Amino acid sequence: MARANKNANIKDVAALAGVSIATVSRFLNGNLGRMSAATATKVQDAIKKLDYVPNSIARQMITQSSKLIAVMVANIDDYFSTDLFKGISSILESQGYIGVLLDANADIEREKTLLRAIGSRGFDGLILQSFSNPQTVQEILHQQIPVVSVDREMDACPWPQVVTDNFEAAKAATAHFQEQGYQHVVVLTSELELSRTRQERYRGILAAAQNVDVLEVSEASYNHSDVHQRLTQLITKSDEKTVVFALKERWLLEFFPNLIVSGVIDNQNVTATGFADTDFIRRMEPKLTLLTQNPFLMGASSAELMLRQLAGEKVAPDKMIIPAKLQ
């Protein structure tokens, strides 16, 4: 029996299995189409006996593939981003690829730094929840790799996009509450100018309501001690029934529990809604009507588009829309 050898190389595996180096290489890269089961078994046995560990850097040089996909999310503090990554990983890993999570932390300069790092390393592709426009991304990357944009509506985008129907969903939700008598809308949002997604949601609200106030909350700071007071002031400034509309779930979870516990949100004179990715806030107040997204499905769909490109298919730069549901 051959002794285990931590320094074994591909030549040793080929010699022990009685096959060519090319055959071992095909086995390691999963190209088993024309390889007999007996040959594959011999190679596998030799690898086990020699305790051979393939050199991933050498394999990348040979195959021109790292099997690594960069996944840059806007802010890992958001449940949306974590579920998005789970959806991406579930599909990529089923095909032998690994998603590498990178967090822009709601900072456009940090995003640019990460894009430069991605461009200088051997990633096979990029799935991007971006603050930058496509031209800026392309200039920073300095290389042609497959890209899929997710959760960001971009004009003149050269890549396929997976998005929610942000404008229509926000418009329909606002119209629903207007019909219920909630004529005053308080929009709770991160900085509008930093994200096209938020802008589209805000535009949808304005298309259905006239009495609209906006409170922007900074994602760069974790000290939001004054937001509750400012939010309460905006809610109570109007004599009309009010709906508080959060444009992302993070603000639903951070500020709405206090409003519910203090009785400000009573679902009679004041109610609340927003884009939600989990059931946490609904468990606290089951009467709320929320816009439910499916970030896992959006992630899985973006990964499928990536795999099609990696397989050599030319994928049109179209939008795949995953609708949000008001429920």
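Everything quoted here is computed from the prediction, not taken from an experiment.
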Just wondering, more than 12 heavy atoms not from [X] lying within 6.0 Å of its [atom1]?
X      : atom1 : answer
Phe167 : CZ    : yes
Gln229 : CD    : no
Gln327 : CD    : yes
Asp226 : CG    : yes
Lys287 : NZ    : no

Check [X] against [Y] and note the closest heavy-atom contact, atom names and distance.
X      : Y      : value
Phe131 : Ala104 : CE1-CB, 4.3 Å
Thr273 : Leu326 : OG1-CD1, 4.5 Å
Gln95  : Leu307 : CG-CD1, 3.5 Å
Ala74  : Ser81  : N-OG, 4.3 Å

Residues Arg203, Glu200: salt bridge by 4.0 Å N-O rule: yes

Ion pair Arg198/Glu219, N-O distance below 4.0 Å: yes

Salt bridge (charged side-chain N to carboxylate O under 4.0 Å, His left out) between Lys112 and Glu109, worked out: CA-CA 5 Å; Lys112 291 176 180 178; Glu109 292 306 316; 3.8 Å; yes

Aromatic ring pairing His224/Phe255, orientation class (parallel under 30°, perpendicular over 60°, tilted between): tilted

Asn258, Leu253, Leu252 screened by side chain to side chain contact (heavy atoms under 4.5 Å, CB included) with Phe256, the one that passes: Leu252

Option from Leu194, Val187, Leu188, Leu192 for which side chain to side chain contact (heavy atoms under 4.5 Å, CB included) with Glu216 holds: Leu192

ring-ring contact (aromatic ring centres under 6.0 Å, His included) evaluation trace for Tyr79 with Phe280: CA-CA 11 Å; Tyr79 284 101; Phe280 293 151; 5.2 Å; yes

Test salt bridge (charged side-chain N to carboxylate O under 4.0 Å, His left out) applied to Glu111 and Arg152, step by step: CA-CA 14 Å; Glu111 176 179 286; Arg152 292 291 186 265; over 6 Å; no

Side chains of Asp239 and His184, donor plus acceptor under 3.5 Å: no

Between Ser225 and Asn223: side-chain donor-acceptor atoms closer than 3.5 Å: yes

Validation row: Trp159, Met154 side chains within 4.5 angstrom (heavy atoms): yes

Face-on cation placement of Lys241 at Tyr182 ring, 6.0 Å and 45° thresholds: yes

Partner of Asn211 by side chain to side chain donor-acceptor pair (under 3.5 Å), out of Gln178, Glu240, Gln183: Glu240

Ring centre gap for Phe275 and Phe80 strictly below 6.0 Å: no

